[in-house]
Peer 1: 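Let me give you the structure first, and then I'll get to my questions.
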There are 2 protein chains.
Amino acid sequence: MDEDGAVDAPWLDRKQLRAWVRLVGVLELLPGVLDAQLRRDADVTHFEYYVLAVLSESPDRTLRMTELARHTNATLPRLSHVVSRLESRDLVERFPCPEDRRATNARLTDAGWSKVQEAAPGHAVTVREHVVDALTDEQVDQLAAIGDAVLARLDPTGAMAEIYTRYDGEPPARD
Amino acid sequence: MDEDGAVDAPWLDRKQLRAWVRLVGVLELLPGVLDAQLRRDADVTHFEYYVLAVLSESPDRTLRMTELARHTNATLPRLSHVVSRLESRDLVERFPCPEDRRATNARLTDAGWSKVQEAAPGHAVTVREHVVDALTDEQVDQLAAIGDAVLARLDPTGAMAEIYTRYDGEPPARD
DNA sequence: CCACGATGGTTGTCCTTACAACTTTCATGG
DNA sequence: CCATGAAAGTTGTAAGGACAACCATCGTGG
């Protein structure tokens with residue numbers, strides 16, 4: 001962005017590089033660990049589990065596709081495919097939204113509810129083992145703050161803001 | 001793991017959940033941002049870029065596949081496929097390792113080197129915009145420490161330990 | 001009241017990754 | 001010095017996600 005074309009934001013200094021390399025490592029390894037455990041124990045991917053979990057907390061266990069996509073950080077096409085699969089497994093059902101006939105609602109079925117209840121404890125153990133229990137209480141808070149800051153940059157539309165802020169005092173049973 | 005079957009590691013408390021939900025958000029969104037920029041500006045995925053970058057820093061720009069896999073947090077099959085693609089684009093070349101005839105060395109070509117040099121500045125800008133510049137200096141250090149702690153749990157074989165610790169004083173030109 | 005852009009969602013295709021099977025070479029014990 | 005298991009890679013296939021194209025509905029200005 002600079003006239004001399006190269007040294008506006010030169011590179012990362014050592015400390016920044018340290019942090020970045022580690023973040024990349026986590027980015028690369030953590031999803032695999034989460035998927036593996038949930039696939040093995042509950043036959044769902046982490047993203048599928050997350051979709052089910054979000055629905056399980058929503059009023060009437062129902063959410064419009066667009067809202068569900070925002071809550072799960074997914075694009076609409078991706079979500080659509082995933083919900084199709086979940087629907088074929090009777091974990092979720094779709095039905096047209098009465099107020100807006102363009103829109104579709106996704107609702108968790110009883111089987112889907114059961115799936116979340118069954119999968120949740122094992123998933124929680126994995127999350128603790130690989131992340132939470134590795135950190136001090138202080139670091140957990142720091143991670144939340146860092147996540148806030150980064151998500152504010154990542155989420156173009158600021159869609160999360162409202163969603164994430166509500167975790168400042170909230171009931172249990174969530175991913 | 002508990003006899004009564006449910007409440008050994010009950011669930012995450014609110015603070016932990018806050019942190020976890022945000023981490024999941026970053027996990028879901030950041031890779032897409034990195035890939036999009038690098039695809040657009042340099043026609044490589046983030047993982048491909050990372051592979052090239054690691055090679056570019058290695059002695060003689062060469063590394064054995066297994067070593068390269070460890071440095072990039074990848075499985076060998078995945079790396080093998082990726083290197084095949086990079087090789088077909090003349091960014092990397094493979095040749096048998098003299099000392100161990102099972103092994104294969106991957107070496108960065110001149111074209112690969114150029115690719116890294118060209119892509120690096122834009123990539124750095126993206127990393128700064130979406131992560132580093134969103135954080136205070138203190139948070140950058142915290143993130144590094146958190147990454148250390150988590151990676152220690154994620155990496156079963158402790159393979160990274162040696163790799164990551166070296167970023168405590170190191171030359172530039174790296175991802 | 002209708003034309004047009006925006007919103008909500010689905011579908012199809014391609015690319016990448018995961019997983020498992022397989023080959024070759026090494027190393028070790030008998 | 002051979003048999004056996006481990007280590008190093010490659011390859012095939014099947015599944016998931018990105019992206020673009022597409023259809024339907026809404027809402028607003030003329």
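A, B, ... follow the sequence lines: proteins, then strands. Residue 1 opens every chain.
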Peer 1: Considering only side-chain heavy atoms of B:R64, which listed nucleotide, D:dG9, D:dG16, C:dA18, is closest?
Peer 2: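 Per side-chain heavy atoms of B:R64, the pick is D:dG9.
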Peer 1: Rounding to a whole Å, what distance do you find between B:D35:CG and C:dT17:C1'?
Peer 2: 12 Å
Peer 1: I want to check one thing: is the phosphate of D:dG16, taken as OP1 and OP2, less than 4.0 Å away from some side-chain N or O of A:R78?
Peer 2: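 Answer no for this pair, as no side-chain N or O of A:R78 is under 4.0 Å from OP1 or OP2.
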Peer 1: Among C:dT24, D:dA18, D:dA24, which nucleotide has an atom closest to any side-chain atom of A:R102?
Peer 2: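 For the A:R102 side chain, the nearest candidate turns out to be D:dA24.
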Peer 1: C:dT16 P sits how many Å from B:L79 CG, rounded?
Peer 2: 15 Å
Peer 1: Against B:L79, only a single residue in B:V51, B:T66, B:N73 fulfils side chain to side chain contact (heavy atoms under 4.5 Å, CB included); can you say which?
Peer 2: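 Of the listed residues B:V51, B:T66, B:N73, the side chain to side chain contact (heavy atoms under 4.5 Å, CB included) partner of B:L79 is B:V51.
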Peer 1: Provide, to the nearest angstrom, the distance between the CD atom belonging to A:E67 and the P atom belonging to C:dT7.
Peer 2: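 These atoms are roughly 15 Å apart.
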Peer 1: Quick one: on DNA chain C, does A:D100 or A:A36 contact a more 5' nucleotide (nearest heavy atom)?
Peer 2: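 Closer to the 5' end of DNA chain C: A:D100.
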Peer 1: Contact between B:L91 and B:E48 at the side-chain level, heavy atoms closer than 4.5 Å - yes or no?
Peer 2: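 A side-chain contact under 4.5 Å is absent here.
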Peer 1: Can you figure out which of D:dG9, C:dT10, D:dC26 approaches the side chain of A:S80 most closely?
Peer 2: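 The closest nucleotide is C:dT10.
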Peer 1: Do the side chains of A:R102 and A:D100 get close enough for a salt bridge, i.e. N-O under 4.0 angstrom?
Peer 2: yes
Peer 1: Salt bridge check, B:E28 against A:R78: does any charged N sit closer than 4.0 Å to a carboxylate O?
Peer 2: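 A salt bridge links A:R78 with B:E28.
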Peer 1: If I take atom CE in residue A:M65 and atom C1' in nucleotide D:dC23, what distance separates them, rounded to the nearest angstrom?
Peer 2: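 Rounded to whole Å, this separation is 16 Å.
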Peer 1: For A:H46 and D:dA15, what is the distance between atoms NE2 and C1' respectively, to the nearest whole Å?
Peer 2: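 It works out to 19 Å between those atoms.
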Peer 1: When you look at CG of B:D60, are more than 12 heavy atoms from neighbouring residues, nucleotides or ligands closer to it than 6.0 Å?
Peer 2: yes
Peer 1: Side chain of B:H81 only, please: which of D:dG9, D:dA24, D:dT11 is the nearest?
Peer 2: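 Nearest to the side chain of B:H81 among the choices is D:dT11.
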Peer 1: Between D:dA24 and A:R101, is there an OP1 or OP2 to side-chain N/O distance shorter than 4.0 Å?
Peer 2: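 The answer is no; no side-chain N or O of A:R101 sits under 4.0 Å from OP1 or OP2.
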Peer 1: Quick one: is C:dC15 close enough that its OP1 or OP2 comes under 4.0 Å of any side-chain N or O from B:R85?
Peer 2: no
Peer 1: On DNA chain C, nearest-nucleotide positions of A:R39 versus A:T104: which is more 5'?
Peer 2: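 It is A:T104, whose closest nucleotide lies nearer the 5' terminus.
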Peer 1: Just how far, in rounded Å, is C1' of C:dC19 from CZ of A:R40?
Peer 2: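 Taking CZ of A:R40 and C1' of C:dC19, I get 15 Å after rounding.
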Peer 1: Checking contacts here: which listed nucleotide (C:dA6, D:dG9, D:dT10) is nearest the side-chain heavy atoms of B:A103?
Peer 2: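 The nucleotide sitting nearest to the side chain is D:dG9.
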Peer 1: Using whole Å, report how far CG of A:L68 lies from P of C:dG8.
Peer 2: 14 Å
Peer 1: So which nucleotide from C:dC19, D:dT10, C:dG8 ends up closest to the side chain of A:L76?
Peer 2: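 Closest nucleotide among those given: C:dG8.
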Peer 1: Would you kindly give the CG-to-C1' distance between B:L34 and D:dA18, to the nearest whole Å?
Peer 2: 15 Å
